[in-house]
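Given the structure is predicted, the values throughout are model-derived calculations rather than measurements.
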Amino acid sequence: MDDLPPIQLSVLIRTLNEADRIEATLKAARLLGAEIIVVDAGSKDATAEICRRNGARVVTNDWPGFGPQRHFGEAQCTHDFIFSLDADEIITPQMAVEIRSHFTPSATPPRLMIVRKAVVFPHRKGPTPWAFCHEQVLIYDRRIARTGPNPNWDKLEISVADKPVTIRAPLWHYSFRDWHHMLAKANYVARLAADTQPTRSRLPLVMRVIIELPMTFLKFYFLRRYFLGGIDGFTTAMLTAVGRFARVAMMLERKDHGDTMGPPKSG
C-alpha cells in the first residue's frame, strides 16, 4: 500500500493515549496514499512512537478542546484538502478506493465531502448489517471550511454554498473500548458542556432533565437501529442516554449552584 501514487490530501488525526488502537487506524489510513498528520495532546503511552513508526508526522499540542485542537491541526497540514479522522475510526478498502477516485490527475475533487460513520458496538469486530451511519462533512478544502473554536465539538464553519458529495462506503467507528470507557467519556463531555456552554434559562433545563434519558434511549435504540446489536446495542443506547442526561443535569447544577467541582479530566 505504500507504493500507491500519493494524492493531494492530508489525513488529520487527534490523539491522546491511543496506543492500544491507533496502529489499526493508521494502517487503514495508509490505503489512501495521503499525508498523515497526528496532533497529539501529550500522550503518556507509546502513541507518538507508534504513529511515527507508521509514517505519520506527529505534532504535539496541549489539549484545548475538540474544536480548537482540530483547528490547530488544520494549519499543520501540507495540503488544502483535509480528511479529519478520529483515532478510533477505520477506513475500509472500499472507502479508500472511492476517496482516491476523487483525487486522480484528471479529477477536480469536490470541496466538501460527507463521510458516513457506521457505529461499531463495544466487543464487536465490525458494524451490524444495516447499521446506522452518522453523516458529517469530514473531507474538506480548508480554504473554504475551517473548524470553529467551540471546545465541546468540532463544527465546521463553511464559507460557501457548495453541495457536499457523499462518500457512500462508510468507515467503521469504534467509539468506545468498553462500558467503563463509555461512561468515563460521557462524564468528561458532560462536565465540559456544563463548564463551557452559554448559560441557559432554568425552565428548559428542568424539562430536559425529565425527558432527556427516555427520549434519547428511544431515539438511539429504535430510530438509529441499535436494537440490531442485541444486548450490546441495548447497553450502548442506554449508556448514551445516561450520558446525555448527565450533561443536562450538570448544566442545571451549574445554573443552580455554580461551580462545585474542579475542571473535568479527559477519559
Exercise. Would you call the rings of Phe217 and Tyr221 parallel, tilted or perpendicular, where under 30° means parallel and over 60° means perpendicular?
Worked result: parallel
Exercise. Would Glu74 and Arg146 count as a salt bridge (charged side-chain N to carboxylate O under 4.0 Å, His left out) if you check the C-alpha gap in whole Å, the side-chain angles of each, and the deciding distance to 0.1 Å?
Worked result: CA-CA 8 Å; Glu74 289 164 350; Arg146 291 296 299 270; 2.6 Å; yes
For this session: Taking the six-membered ring for Trp and the full ring for Phe, Tyr or His, determine whether the centres of Phe121 and Tyr226 are under 6.0 Å apart.
Result: yes
Exercise. Would you call Lys117-Glu89 a salt bridge at under 4.0 Å N-O?
Worked result: yes
Exercise. Under a 4.0 Å N-O cut-off, is there an ion pair linking Glu18 with Arg177?
Worked result: yes
Problem set entry | Contact check, side chains of Ile99 and Met113, non-hydrogen atoms, under 4.5 Å | no
For this session: For Arg116 and Glu135, indicate whether the former's side chain and the latter's backbone hold a donor-acceptor pair under 3.5 Å.
Result: no
Problem set entry | Ser10 side chain vs His79 backbone, donor-acceptor pair below 3.5 Å | yes
For this session: Go through the steps for Glu49 and Arg52 under the test salt bridge (charged side-chain N to carboxylate O under 4.0 Å, His left out), then give the verdict.
Result: CA-CA 5 Å; Glu49 177 186 345; Arg52 294 188 183 98; over 6 Å; no
For this session: Assign the ring pair Phe227 / Phe222 to parallel, tilted or perpendicular, where the plane angle (0 to 90°) is split at 30° and 60°.
Result: tilted
Exercise. Taking Asp154 for the side chain and Phe66 for the main chain, is one N or O donor matched with an acceptor at less than 3.5 Å?
Worked result: no
Exercise. Donor-acceptor pair, Arg21 side chain versus Tyr174 backbone, under 3.5 Å?
Worked result: yes
For this session: Tell me whether Ile91 is reachable from Ile37 by hopping between hydrophobic residues (I, L, V, M, F, W, Y) whose side-chain heavy atoms are closer than 4.5 Å.
Result: no
Problem set entry | Minimal non-hydrogen separation, Thr25 against Asp86, with atom names | CG2-O, 3.7 Å
Problem set entry | His181 side-chain N/O to Phe176 backbone N/O, donor-acceptor pair under 3.5 Å | no
